[in-house]
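This report concerns only the one structure given below.
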Amino acid sequence: MSKGREAAAGGGAAAVLLRYLREQNRPYSAQDAFGNLQREHGLGKAAVVKALEQLAQQGSVREKVYGKQKIYFADQEQLPAASDAELRGLDGEIAARSAQLQALQQSCRHMEAELKDLNSSMTTHEITREIEALRKDCASYTEKLERIKSATNHVTPEEKEKVCREQQLYCREWRRRKRMVAAVLRATELLDAILEGYPKSKKQFFEEVGIETDEDHGAVMPATT
């Protein structure tokens, strides 16, 4: 490419970038500007970087350096001042966009809550599987209930009452015998303690204090059947 064509291409890139920065009126890096304009205008990245640096040197745009990155934006003093009517229009547009933003945020919150509910709910496959399992349980319980109803060995109310009375009787007897066994154990422990220091035999001690045993009278416990 000749120097004349390069200059023309460079001037064209600078004009495109200057118009773009003024129309958008917001800061862009060279990479952002290249990404936004390359498809429509066929600008190469090197041409974009060179054109932006040239515009900054000419004072057509402003340049700010943030670390290793340069940001370019239109010189605000070169832009036409907005009239009161335009400012009011912009204020109205800002208010409308703010209301639209709030409505969208509210809608997003509702959708997020709905999504959370859906994620915590069972899927159609899980519900179908759960229903099938419950049906099998119901069939099993129904079969068991029918077997119970058709059985011939049901307990009558009178038999149940008799069993309950016998249970109460046996429980009272069991508690009484527990108390008797406890008393015997305490008496046995007391006798053992006395016999440790008694100089005579156990039989002689029983005779002296008047204790009679089953053996003294020939009493024998009958065999259980």
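What you see is a predicted model, and the numbers here were worked out from it, not measured in a lab.
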For Val61 and Asp75, what are the C-alpha separation, side-chain angles and deciding distance, and is it a side-chain contact (heavy atoms from CB on, under 4.5 Å)?
CA-CA 5 Å; Val61 301; Asp75 187 354; 6.0 Å; no
Taking only residues two or more places apart in sequence, or in another chain, which ones meet Arg147 in a salt bridge (Lys or Arg N to Asp or Glu O under 4.0 Å)?
Glu143
Tell me every residue that passes side chain to side chain donor-acceptor pair (under 3.5 Å) with Lys200, counting only those two or more places apart in sequence or in another chain.
Glu208
Within a radius of less than 6.0 Å around CD of Gln105, do more than 12 heavy atoms belonging to other residues, nucleotides or ligands occur?
yes
For Leu17 against Ala33, the heavy-atom pair lying closest together
CD2-CB, 4.0 Å
Which donor-acceptor pairs under 3.5 Å do side chains of residues 80-103 form with protein atoms, sequence neighbours excluded?
unit_1, atom_1, unit_2, atom_2, d
Ser83, OG, Glu86, N, 3.2
Glu86, OE1, Ser83, N, 2.9
Glu93, OE2, Arg97, NH2, 3.4
Ser98, OG, Ile94, O, 2.8

Among Ile, Leu, Val, Met, Phe, Trp and Tyr joined by side-chain contacts under 4.5 Å, find the other residues sharing a cluster with Trp174 and list them by chain and number.
none
Spacing of Arg172 atom CZ and Gln167 atom CD [to the nearest 0.5 Å]:
11.0 Å
Here the salt bridge (Lys or Arg N to Asp or Glu O under 4.0 Å) pairs for residues 30-45, sequence neighbours left out, are none
From Ile71 atom CD1 to Arg62 atom CZ, the distance as rounded to the nearest 0.5 Å:
15.5 Å
Pairs of donor and acceptor atoms involving the side chains of residues 115-122, under 3.5 Å and at least two apart or interchain, shall be tabulated with distances.
unit_1, atom_1, unit_2, atom_2, d
Asn119, ND2, Leu115, O, 3.2
Ser120, OG, Lys116, O, 3.2
Ser120, OG, Asp117, O, 2.9
Ser121, OG, Asp117, O, 2.7

Contacts of Glu63 meeting side chain to side chain donor-acceptor pair (under 3.5 Å) (sequence neighbours excluded), chain-then-number -> Tyr72
Residue pairs involving residues 149-161 (criterion salt bridge (Lys or Arg N to Asp or Glu O under 4.0 Å); sequence neighbours excluded)
Glu161-Arg165
Show the nearest heavy-atom pair for residues Gln69 and Ser29, with the distance to one decimal.
NE2-CB, 3.4 Å
Heavy-atom pair with the smallest gap, counting every atom of Ala74 and Asn25
CB-OD1, 4.5 Å
The ring-ring contact (aromatic ring centres under 6.0 Å, His included) partners of Tyr28 (sequence neighbours excluded) come to Tyr20
Residue list, ring-ring contact (aromatic ring centres under 6.0 Å, His included) with Phe73, at least two apart or on another chain
none
Less than 4.0 Å between a side-chain N and a carboxylate O, is that true for Arg109 and Glu112?
no
Results of side chain to side chain contact (heavy atoms under 4.5 Å, CB included) for Tyr141 - residues two or more places apart only
Asp137
Glu77 atom CD: more than 12 heavy-atom contacts under 6.0 Å:
no
Without swapping roles, check the side chain of Ser140 against the backbone of Lys136 for a donor-acceptor pair under 3.5 Å.
no
Those residues that, when tested against Arg179, pass salt bridge (Lys or Arg N to Asp or Glu O under 4.0 Å) (two or more places apart):
none
Point-to-point distance, once rounded to the nearest 0.5 Å, from CD1 of Ile127 to CZ of Arg129
11.5 Å
